[in-house]
Amino acid sequence: MSANKLHVYNTLTRKKEVFTPITPGFVGMYVCGPTVYGHAHLGHSRPAVTFDLIFRYLKHLGYKVRYVRNITDVGHLVADADQGEDKIAKQAKISKLEPMEVVQHFTNSYHKNMDQLNVLPPSIEPTATGHIIEQIHIVEKILEQGYAYVSMGSVYFDVEKFASKYNYGKLSGRKTEDLKANTRELEGQDEKRSSLDFAIWKKAQPEHIMRWPSPWSEGFPGWHTECVAMSTKYLGKKFDIHGGGMDLLFPHHEAEIAQSCAALGHDSVNYWLHNNMITINGQKMGKSLGNFITLDEFFSGMHDLLEKAYSPMTIRFFILQAHYRSTLDFSNEALESAEKGLERLLKAAALLEKIKPTEKSSVSFEQAEENCYNAMNDDFNSPIVIANLFDLVKVINSIVDGKETIDLPNLDKLKSLFNTFVFNILGLTQEENSDNSNNLLNGVVDLLLNVRMDAKASKNWDVADKIRNELSDLGFEIKDKKDGFEWELK
RNA sequence: GGUACCUUGGCCGAGUGGCUAGGCACCGGUCUGCAAAACCGGUUACGGCGGUUCGAAUCCGCCAGGUACCUCCA
């Protein structure tokens, strides 16, 4: 891997490639966002954090990035007995709310969770319902090009016709013959010429409450059309990066490629990036599997599978400790070790600010810096970055212990390196304990510990230990120093 | 059934031919009145069998186990 160039793993070619933007200095990135018909769960945080890391790093490299992440608020079908019914509409009926009320509620909840995870907002966050006209235009274009047909008020994409000219399945490695042999019986199949075809406009059934007029019927846009319409609108007919979860590879992204190819005559995306899944007991955590834990439940600890609450930063760090293309297995043990590791990292970051430089330096950081950049340039390898940061943690602690020395230029270098990677690129934040701002409490604890200092001075160990042990039981961590003490609320 | 991918130490997770991440846990030491924190050192690996090679966790083959997608899903 060459040292200075960003390489990304392109799902389309199954290789790491040098990243070269279409327009020098600018990057266009589109990422599939959530379908807002439920609270965000741990699985949703993976692409959000992954592409946040990528967004942050591209910006750090000096690119001007337009990051588009959509909100899917219409159109996807449910999997159970209510086949053919709109997910959002179904949720709306259950809770007797307006569909847009449901959408707004879960969008707000998603935004709150993303903010807690310190995920930066995208540059543009378009909604599917806000781009019905654009989607109708895409459908019209595909019809004009002859790669779709109208049937009973719905419009279907003609996969076999498309496949006769273009390569359908190139992203997911599928062949149309194999697909034909394996497609299940689904509702509405009789309207389609082939089981492979997919709806790009769907006529609304009477019970559908989300519906829009179109040249073909009153209905709603098809499953994969919104991303094509919105990515084209905001990033152009050709853009750099398209991201999303691996589970969207087929059919969603394959269908996107087919649609933009059919409508525009060429591919839109240069680099396809896919994050892997978070698993629970080795199995994908997913809405439809019912084995998910929401982010709010993680933050509060209110779930049977959780032994305790885990902070948003713990979740973020947990995700960043694995490479984005690997599966990541949830367990209480793994989260607790992430929590402790993160604490150690952030404590070092705080200590770093207090270090006073000396005349001479026994340490330098060129190698560490190179290692960090090489790791990020090698397909955003955050676990390697973190490993290097932990090496720096050791150095910081050794300096504080007086076992190493650092001069001003090296201290500035270390601060800049550490803070850049910990806070700017990995996007971690110090989670301030709100109780620390309580002056009354601070005064009382300081008083008790000063009493303990006096007890220690007169070798009254019983009193000294009693104060320390009982404060510890209450959740305070007491650290004796040479000439005093430090404490914090755990 | 088809396609793709995975299997690393007590746990989590990097690593793609030699130099063997990192975190958590555990053990020993330093410091401390004793602790905690910190530092130093240590222990436990590459699913199985074969092959290629001077050398394989890393390449190839077979076997076993697992996952994802093929229907909405991050």
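Convention: sequence-line order gives letters A, B, ...; per-chain numbering from 1. Note: hydrogens, waters and symmetry copies are ignored here, and every other heavy atom, side chains too, is used.
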For [N], which nucleotide is its Watson-Crick or G-U wobble mate, given both distances must be under 3.5 Å?
N: B:U7; result: B:A64
N: B:C69; result: B:G2
N: B:U20; result: none
N: B:C46; result: none
N: B:C59; result: B:G51
N: B:C39; result: B:G29

Requested in this report: Please state whether the base of B:C34 and the side chain of A:Asp480 form at least one donor-acceptor pair under 3.5 Å?
Outcome: yes

Report task. Could you tell me whether the side chain of A:Arg468 has a donor or acceptor atom within less than 3.5 Å of a complementary atom in the base of B:A35? Result -> yes

Report task. Could you say whether the aromatic ring of A:Phe390 and the base of B:G23 stack, counting only centre distances under 5.5 Å and plane angles under 30°? Result -> no

Between [N] and [M], how far is it from one [atom1] atom to the other, in whole Å?
N: B:U43; M: B:C31; atom1: P; value: 23 Å
N: B:C63; M: B:G9; atom1: C1'; value: 24 Å
N: B:C24; M: B:U44; atom1: C1'; value: 14 Å
N: B:G41; M: B:C69; atom1: C1'; value: 48 Å
N: B:A45; M: B:C40; atom1: P; value: 24 Å
N: B:G10; M: B:A4; atom1: C1'; value: 32 Å
N: B:C46; M: B:U8; atom1: C1'; value: 4 Å
N: B:U67; M: B:A25; atom1: C1'; value: 27 Å

Look at the side-chain N and O atoms of [X] and state whether any lies under 4.0 Å from the OP1 or OP2 oxygen of [N].
X: A:Arg344; N: B:C24; answer: yes
X: A:Lys340; N: B:A25; answer: yes
X: A:Ser326; N: B:A14; answer: yes
X: A:Lys347; N: B:A38; answer: no
X: A:Thr35; N: B:A74; answer: yes
X: A:Asn460; N: B:G33; answer: no
X: A:Asn397; N: B:C39; answer: yes

Report task. Verify whether the ring centers belonging to A:Phe157 and A:Tyr168 lie closer than 6.0 Å. Result -> no

Query raised in the report: When the ring centroid of A:His253 is compared with that of A:His274, is the distance short of 6.0 Å?
Result: yes

Taking [atom1] from [X] and [atom2] from [N], how many angstroms apart are they, rounded to a whole number?
X: A:Tyr324; N: B:G15; atom1: OH; atom2: C1'; answer: 17 Å
X: A:Glu404; N: B:C40; atom1: CD; atom2: P; answer: 9 Å
X: A:Phe476; N: B:A35; atom1: CZ; atom2: C1'; answer: 18 Å
X: A:Tyr9; N: B:U16; atom1: OH; atom2: P; answer: 14 Å
X: A:Met246; N: B:A68; atom1: CE; atom2: P; answer: 13 Å
X: A:Glu470; N: B:A36; atom1: CD; atom2: C1'; answer: 17 Å
X: A:Phe485; N: B:C34; atom1: CZ; atom2: P; answer: 20 Å
X: A:Arg14; N: B:C5; atom1: CZ; atom2: P; answer: 6 Å

Requested in this report: By nearest nucleotide on RNA chain B, pick out whichever of A:Ala464 and A:Ala338 is the more 5' one.
Outcome: A:Ala338

Query raised in the report: Which sits closer to the 5' end of RNA chain B, A:Asp329 or A:Met285, going by the nucleotide each is nearest to?
Result: A:Asp329

Base, sugar-phosphate, or nothing: which does [X] touch, judged by heavy atoms less than 4.0 Å apart?
X: A:Lys394; value: sugar-phosphate
X: A:Leu248; value: sugar-phosphate
X: A:Gln283; value: sugar-phosphate
X: A:Asn381; value: sugar-phosphate
X: A:His41; value: base
X: A:Gly282; value: sugar-phosphate
X: A:Asp465; value: base
X: A:Leu328; value: sugar-phosphate
X: A:Thr50; value: nothing

**Report entry** CA sep, side-chain torsions, deciding dist, call: A:Arg452, A:Asp480, salt bridge (charged side-chain N to carboxylate O under 4.0 Å, His left out)
**Finding:** CA-CA 11 Å; A:Arg452 176 165 176 266; A:Asp480 285 358; 2.9 Å; yes

Of the nucleotides [options], which one has an atom closest to the side chain of [X]?
X: A:Glu333; options: B:G33, B:A74, B:C11; value: B:C11
X: A:Asn275; options: B:A37, B:G23, B:A74; value: B:A74
X: A:Asp401; options: B:C73, B:G33, B:A38; value: B:A38
X: A:Asp247; options: B:A37, B:C73, B:A14; value: B:C73
X: A:Asp391; options: B:A14, B:C70, B:G22; value: B:G22
X: A:Lys456; options: B:A21, B:G13, B:G33; value: B:G33

**Report entry** Under 3.5 Å donor-acceptor, A:Thr50 side chain and A:Arg46 backbone
**Finding:** yes

Report task. Flag this pair as yes if the NZ/CZ of A:Lys287 is under 6.0 angstrom from the six-membered ring centre of A:Tyr37 and inside a 45 degree cone about the axis; otherwise no. Result -> yes

Requested in this report: Please indicate whether A:Asp473 has more than 12 foreign heavy atoms, meaning atoms of other residues, nucleotides or ligands, lying under 6.0 Å from its CG.
Outcome: yes

Query raised in the report: Checking salt bridge (Lys or Arg N to Asp or Glu O under 4.0 Å) against A:Lys347, which of A:Glu353, A:Glu486, A:Glu477 comes through?
Result: A:Glu477

Query raised in the report: Strictly by modelled atom types, are A:Asp197 and A:Ser195 linked by a side-chain donor-acceptor pair under 3.5 Å?
Result: no

Query raised in the report: Is there a donor in the side chain of A:Ser151 and an acceptor in the side chain of A:Ser154, or the other way round, less than 3.5 Å apart?
Result: no

Query raised in the report: Are any of the side-chain nitrogens in A:Asp115 or A:Lys112 under 4.0 Å away from the carboxylate oxygens of its partner?
Result: no

